[in-house]
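Shown next, in structure tokens, is the structure this report addresses.
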Amino acid sequence: MLDIKFIRQNLDVVKKALDDRDVKIDLAALLDLDDKRRSLLIDIEDRRAQRNANSQEVGKLMRTIGRLKKEGEDTAKITGDVAELKRLTANIGNEIELLEKKLRPLTEKIKAQLLTIPNIPNESVPIGLDESFNQEVRHWGEPTKFDFEPQPHWDLGEKLKIFDFERGAKIARSRFTLYLGAGARLERALINFMLDTHTDEHGYKETFPPILANEASLIGTGQLPKMAEDMFRCQDDDLYLIPTAEVSVTNIHRDDILAAADLPLKYVAYTPCFRREAGAHGRDTRGLIRQHQFNKVELVKFTRPENSYAEHELLTRDAEDILQKLGLPYRVVILATGDLSFAAAKCYDLEVWMPSSGGYKEISSCSNFEDFQARRANIRWRPEAGGKPRFVHTINGSGLAVGRTVAAIVENYQQADGTIIIPEVLRPYMKIDLITGSDLQS
RNA sequence: GGAGAAGUGGCCGAGUCGGUUGAAGGCGCUCGCCUGCUAAGCGAGUAAGGGGGUAUAAGCCUCCUUCGAGGGUUCGAAUCCCUCCUUCUCCGCCA
């Protein structure tokens, strides 16, 4: 969420940001509402000040009456004054009530509009209205070469009986997959490998948060109100299945004031993630790429504003390290303004090489949200000097999406006979070094 | 699910026959003093959000709101009433 004061004072900056994102919002109307709200507020506050003063006066007079009675003096005159003052003040109260009735819808309307305004892209973000303006920043490794025709992971996996898409659909519906034998173990091995690496080598604190989240949490990270149709909702309980651990982990500190000495806070969480994929009909219909339920290991940082861009680079490197350790070729892409997600000010996508499509596929998205989420979720920190609390900056990224990593390993490590070599770093977790289709009761 | 208790500032914790209580006290923190260093001690300061004025780097003045959330009673509510949420204890149920 942007600060209404910031919008008022930096209208050109906000306008340009919306243009660069190709988002249309009537800022003039919003500021007009804000003007109306503030002038109404002045009216109300003046009256409230008057009412408070009168009430204090009543209090004083009441005490005087008490004293006079004790002394046996006459209180008729002063009692009359009190009654008159009460009548006057009750009238002011009625006026306040009327004005407040006007104020409430204004305030709600402004808040609702503010919640739909996306973040302002950082100046280092390339300007362009769609993904064709994204730019490769760097790449690691080269596309895997085969001396045979490589197969897509869904064919390999079904032959090896490590993925069963039909039974996944039978149990739930399409875009759900049943993992079996070495496939299930590969998923689990990757989760453990990623968590171990991020905790032991990169210094993140491991968490395992709730996978259902309430409305306030989803507003905090920016999924609500705009992306409601992309989430699974438990209607009876007013809870949502999280689309990413970012929601749960960022909200750990909703309404907190963090100590300066504790920053940056670094968390890693493994969670299942759930997405309805509304509007994605026909895209990535085969295989593990686009599922309603998938596992992800997520990195989240809370930082001081002045460090957030450096920390964003480091977090991206932490995610890349997983791909490098797994020996998977990838590239890093900076998203253009038009492709940037709602809450992000800057985002790098990590894209892994997928032989089946002969291209790179997104496997991680590392974003700096600056204070956009912190303002929504009210996450602040107090500088050492003991000054006013300020909003933190939040950063997060996948480290990595597990299902897509499984797909990438199966495709990049396949052999001509359809077996899959297990990357070196996963062997301690897998306890085998080759998936043959007959291992692990598969 | 049933019965009971409780929710106050960064933290702990006072505060009901409603009226200078935005809130005693303590801890923590900041600044200063003291001491060879540290510790202890002494003094002062220290909630957040918002509006207006002035200055515009900070700042200063003033008003409003906020004692779990929302509503009600009242001239006036942390304090009384209602609803909800959360936590704790006991019972039931359960992995």
Side-chain angles (χ1 to χ4, degrees), chain A residues 1-10 30-70 75 78-111 114 208 210-217 219-220 234 236-239 251-263 265 302 305-306 371 374-392:
Chain A
M1 182 164 68
L2 301 182
D3 186 355
I4 185 75
K5 263 189 284 185
F6 179 87
I7 298 175
R8 207 188 304 144
Q9 288 159 12
N10 302 273
L30 174 64
L31 289 179
D32 189 49
L33 285 179
D34 183 48
D35 283 342
K36 286 203 177 89
R37 190 190 73 93
R38 278 181 299 143
S39 70
L40 206 49
L41 205 55
I42 291 170
D43 274 6
I44 290 174
E45 289 187 352
D46 280 352
R47 285 173 170 77
R48 280 207 277 239
Q50 186 60 51
R51 182 178 63 181
N52 290 346
N54 288 4
S55 293
Q56 281 195 12
E57 183 62 23
V58 171
K60 262 186 221 163
L61 294 174
M62 298 291 275
R63 277 192 298 274
T64 307
I65 290 173
R67 206 190 60 229
L68 290 178
K69 272 188 176 159
K70 231 183 192 169
T75 59
I78 200 165
T79 305
D81 289 350
V82 168
E84 175 62 9
L85 192 55
K86 279 189 184 179
R87 196 186 58 74
L88 264 169
T89 309
N91 222 17
I92 296 176
N94 292 336
E95 287 176 25
I96 291 172
E97 207 172 318
L98 271 173
L99 292 173
E100 279 176 339
K101 269 198 189 116
K102 282 200 217 162
L103 181 71
R104 206 164 306 134
L106 271 180
T107 306
E108 276 165 18
K109 213 165 167 183
I110 290 167
K111 183 81 194 281
L114 280 176
F208 186 60
I211 291 158
L212 293 177
N214 58 32
E215 189 179 40
S217 291
I219 288 173
C234 306
D236 289 344
D237 299 283
D238 236 352
L239 291 167
N251 279 284
I252 289 173
H253 291 300
R254 174 151 48 87
D255 294 323
D256 277 354
I257 297 177
L258 304 170
D262 292 341
L263 300 179
L265 277 171
F302 301 83
E306 61 269 29
D371 64 8
R375 181 171 288 109
R376 287 174 162 244
N378 192 29
I379 307 169
R380 294 170 297 172
W381 66 291
R382 198 184 293 279
E384 289 88 344
K388 291 270 178 191
R390 300 175 57 195
F391 290 117
V392 298

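Residue numbers begin at 1 in each chain, while the letters A, B, ... track the order of the sequences.
Using Watson-Crick or G-U wobble geometry with both donor-acceptor distances under 3.5 Å, B:rC29 finds its partner in B:rG45. Pair assignment for B:rA69: B:rU83, on the basis of Watson-Crick or G-U wobble contacts that are both within less than 3.5 Å. Figure legend. B:rA40 is base-paired to no nucleotide; pairs are counted as Watson-Crick or G-U wobble with both atom distances under 3.5 Å. Nucleotide B:rU35: unpaired (no Watson-Crick or G-U wobble partner with both distances less than 3.5 Å). The partner of B:rU20 cannot be assigned: no Watson-Crick or G-U wobble pair with both contacts below 3.5 Å exists in any strand. Shown here, B:rG1 forms a base pair with B:rC91; the pair counts as Watson-Crick or G-U wobble because both key distances fall under 3.5 Å. When both pairing distances are held under 3.5 Å, B:rC60 makes a Watson-Crick or G-U pair with B:rG53. Within the shown strands, nothing qualifies as a pairing partner of B:rU74 under the Watson-Crick or G-U definition with both distances less than 3.5 Å.
The shortest distance between the side-chain N/O atoms of A:R380 and the OP1/OP2 oxygens of B:rG49 is below 4.0 Å. At least one side-chain nitrogen or oxygen of A:K388 sits closer than 4.0 Å to the OP1 or OP2 atom of B:rA48.
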Show me, pair by pair, the donor-acceptor contacts under 3.5 angstrom made by side chains of residues 90-105 of chain A, not counting sequence neighbours?
unit_1	atom_1	unit_2	atom_2	d
A:E95	OE1	A:R47	NE	2.6
A:E95	OE1	A:R47	NH2	3.4
A:E100	OE2	A:R48	NH1	2.7

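Toward the 5' end of RNA chain B, the nearer of the two residues A:R63 and A:K5, judged by each one's closest nucleotide, is A:R63.
Rounded to the nearest Å, the gap between the C1' atom of B:rU46 and that of B:rG9 is 11 Å. The gap from the P atom of B:rU83 to that of B:rU16 amounts to 24 Å, rounded to the nearest Å. Taking the P atom of each, B:rC82 and B:rG26 are spaced 37 Å apart, rounded to whole Å.
Using modelled atom types, one finds no donor on one side chain facing an acceptor on the other under 3.5 Å when comparing A:N52 with A:S55.
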Close N/O contacts between protein and nucleotides 83-86 of chain B (under 3.5 Å):
none

Are there any protein N/O atoms within less than 3.5 Å of an N/O atom in nucleotides 65-73 of chain B, and if so, which ones and at what distance?
unit_1	atom_1	unit_2	atom_2	d
B:rU65	OP2	A:N52	ND2	3.4

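Closest to the side chain of A:R38, out of B:rA48, B:rG51, B:rC75, is B:rG51. Comparing B:rC75, B:rA48, B:rG51 by their nearest atom to the side chain of A:P389 picks out B:rA48.
In this structure, A:T89 reaches the sugar-phosphate backbone alone: every heavy-atom distance under 4.0 Å involves primed, P, OP1 or OP2 atoms, never a base. At a threshold of 4.0 angstrom between heavy atoms, the contacts of A:I42 are confined to the sugar-phosphate backbone, with no base atom among them. Residue contacts for A:R87: at a heavy-atom cut-off of 4.0 Å it reaches no nucleic acid atom on any strand shown.
Put simply, CG on A:L103 is 11 Å from C1' on B:rG51, counting in whole angstrom units. A:I65 places its CD1 atom 13 Å from the C1' atom of B:rG19, with the value rounded to the nearest Å.
Side-chain atoms of A:D256 never come within 3.5 Å of backbone atoms of A:L258 as a donor-acceptor pair (strictly under, hydrogens ignored).
Between A:E57 and A:L61 the shortest side-chain heavy-atom distance falls below 4.5 Å.
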